[in-house]
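Reckoned from all heavy atoms, side chains included, excluding hydrogens, waters and symmetry mates. Within every chain, numbering begins at 1; the chains are lettered A, B, ... in the order of the sequence lines, protein sequences first and strands thereafter.
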Amino acid sequence: MTLPDGRVLEMPKGCSIRDVAFRIGSGLGKACVGGKIDGGAEILDLRYALVRDCSLSIVTADSKDGLEVVRHSASHIMADAICRLWPQAKLSIGPSTDDGFYYDIDLDAKVLPEDLERIEKEMSKIVEADTAFERCETGRDAALARYRSEGEIYKVEIIEGISAAESITTYRHGSGAFEDLCRGPHVPSTGYVKAFKLLTVAGAYWRGDEKNKMLQRIYGTAFTSKKELDAWVTRQEEAKARDHRKIGKELGLFMMHPIAPASPFFLPRGTIIYNRLVQHMRELYRTYDYKEVITPQIFDTEMFKTSGHWAHYLENMYVTEKDERQFGVKPMNCPSHTYIFANEKRSYRELPLRIADFGRLHRYERSGVTGGLTRVRTFCQDDAHLFVAPDQIKDEIASLLKMIMGVYDLFGFTRPKVFLSTRPAGSLGTDEIWNKAESALAAALTENGVAYTVNPGDGAFYGPKIDFITEDAIGREWQLSTIQLDFNLPERFDLKYTTRDGGEERPVMIHRAILGSLERFVGVLIEQTSGNFPFWLAPEQARVLPIAEGHMAYAKEFVAALEAAGHRVGLDVSNQKVGAKIRDARLMRIPYVLVVGDREVAEGTVAVRERPDKDLGPMTRDGVLALFADLERTKKR
RNA sequence: GCCGAUGUAGCUCAGUGGUAGAGCAGCGGUUUCGUAAACCGCAGGUCACGGGUUCAAAUCCCGUCAUCGGCUCCA
């Protein structure tokens, strides 16, 4: 055996992965749940017999791979528990997920949330019994016959989908009391599943297809120790406390109303953030030479027929009729921008022509998929369409990357994971242009030091794309920016520009958004900052707190001076003690609290307190103005 | 759209067949106060909406609307 650290270990032929682990050390032996050989991705069972020389890495329970094994085993234990409680339940699939595991079952009786506890109890018994997980190979026909006779129609369907060349395996535990078709691997025995918790029951279509029967999906999670499970629960609670719907309500940023389902109302405080973001993008547009436009909301459907939306996107569109003409509300800005491009005869000298648009978009989303600010039916993007010559793609992408990374840094998001999606089957455009475009994208990424992963064949039918997945402060992933090349729309709208030699050529369109939708971005930002917006975005940047009535006149004067300098400043006129005023300001996440009492009035200062509770001591009016001006300029977080 | 849950005062929530409750917020008064909640009082509800069962419904049943968790992870 060659180990990951390069050590070579002599082991008898046919020994198990577990044997090797124990040979290395008893601690590792106890902690291991599987192994990987020869750098392969597949996790093998501990009992996997090693019959030839190979390189081996041991998978321990606390690794990402190991946790997957533990969770997958937990899902079997849950299935066993469910079958004990409801013997008529038919099993389908039960994999591990990023956050835990689930099992989809077909059962006429409804599993209610209060049943989860019963299932957990049953699972605990199985775990306590600590019986071995045994791997069994069966013949394909035998397995099929058996599941057919048992009425396990999902298992039959699964086996039918497995190529005849592959062997069929099952895993059993409880000394054979429970057996399930499974590729594995599993932990050595049920006792390895030391900490688990069932979460919810939900509906899920068989194979994710809504034409199929809806099964009951039971979600759970499992960890290798109670401590880790508790830590996970705590993290979930923290995430809940940061939920933008909760904070948005508390801070008076936005509201929802059934009168306009899935469509946020931005309240004055939320609107400040929203507009400030737009303003920031406009500043970038000056630097990067974009031209902003304003385009109509409603178009004759002719446009959508030309663009292809009518054929491919109608389900998501709002339509209306007037003067016996049919109109559609725009779900995207791109088609209208082609009219702007085509409005005059374009020269190669004008390219890249960058058209930006903060137009409001409407997309019908199915009622079950909407939520908060992150999935809405009306929104606006920091949208732009870049009309470029094919040989400008690389440079344009390079400058976009710079812009995107700058924005992520500004808000404190991690550098994103980048995915390049390439040509799918049945796509539009020639090989030549696709190859050129894909290599231009790849080169731009590489030359700018951006590591990326290729998703082969995952591009749109009209062009390759780059997606950016970033992580927020508590490790949740969000897709914000996208860059999408498009060979299709220029074709459909017959866009052309005059080349240097007087000929005509078709431009390539690049669709791109950096923040994505403003609505969604505000939502993500609320969760990222937990409502503690950086000074430049904060709806109320400072609040002046007079200690008593007598300090009011001085306080008002101070507020006026800060407002004159362009800052957003509140004045607490309430009849409360300072402690209560401080508390209110703190709950509203106001960056600076300026307290005014006898001392400050006498000295011509304010007592400055920085969010959440840092005492900056007394500062003069000029001192505060200088501090605030600096914060605005640097956009410091 | 489908599966499940939820919907009571502005907010957070209690109330499981018999007169609709609390805290906070609001309003009025007292207090003029030094860094996370002063005190007293008042007002506030078609219990989401519509229908049904019942002597009686926030509570039980049916429907509608909205919100929330899922519906990609593949033996």
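Comparing the C1' positions of B/G50 and B/A57 gives a spacing of 15 Å, expressed to the nearest Å. For the C1' atom pair drawn from B/A36 and B/C42, the interatomic distance equals 28 Å after rounding to whole Å. Nucleotides B/U16 and B/C60 have their P atoms positioned 10 Å apart, rounded to a whole Å. A gap of 15 Å separates the P atoms of B/A20 and B/A56, to the nearest Å. Look at the C1' atom in both B/A37 and B/G18: the space between them is 39 Å, to the nearest Å.
At a cut-off of 3.5 angstrom, counting only N and O atoms as typed in the model, there is a donor on one side and an acceptor on the other between the side-chain of A/Glu600 and the base of B/G34.
RNA chain B is contacted by A/Ile93, A/Pro95, A/Ser96, A/Thr97 of residues 80-98 of chain A, taking any non-hydrogen atom closer than 4.0 Å.
Pair assignment for B/C27: B/G41, on the basis of Watson-Crick or G-U wobble contacts that are both within less than 3.5 Å. When both distances must be under 3.5 Å, the Watson-Crick or G-U wobble mate of B/C49 is B/G63.
Checking the phosphate oxygens (OP1, OP2) of B/A38, no side-chain nitrogen or oxygen of A/Arg583 falls inside 4.0 Å.
Counting non-hydrogen atoms under 4.0 angstrom, A/Ala143 reaches nothing in the nucleic acid. A/Gly550 comes within contact range of no nucleotide atom at all, as no heavy-atom separation falls under 4.0 Å.
Of the charged side-chain nitrogens involved, none lies within less than 4.0 Å of a carboxylate oxygen, so that A/Arg242 and A/Glu238 do not count as a salt-bridged pair.
The side chain of A/Val578 lies closest to B/U35 when the candidates are B/U32, B/A38, B/U35.
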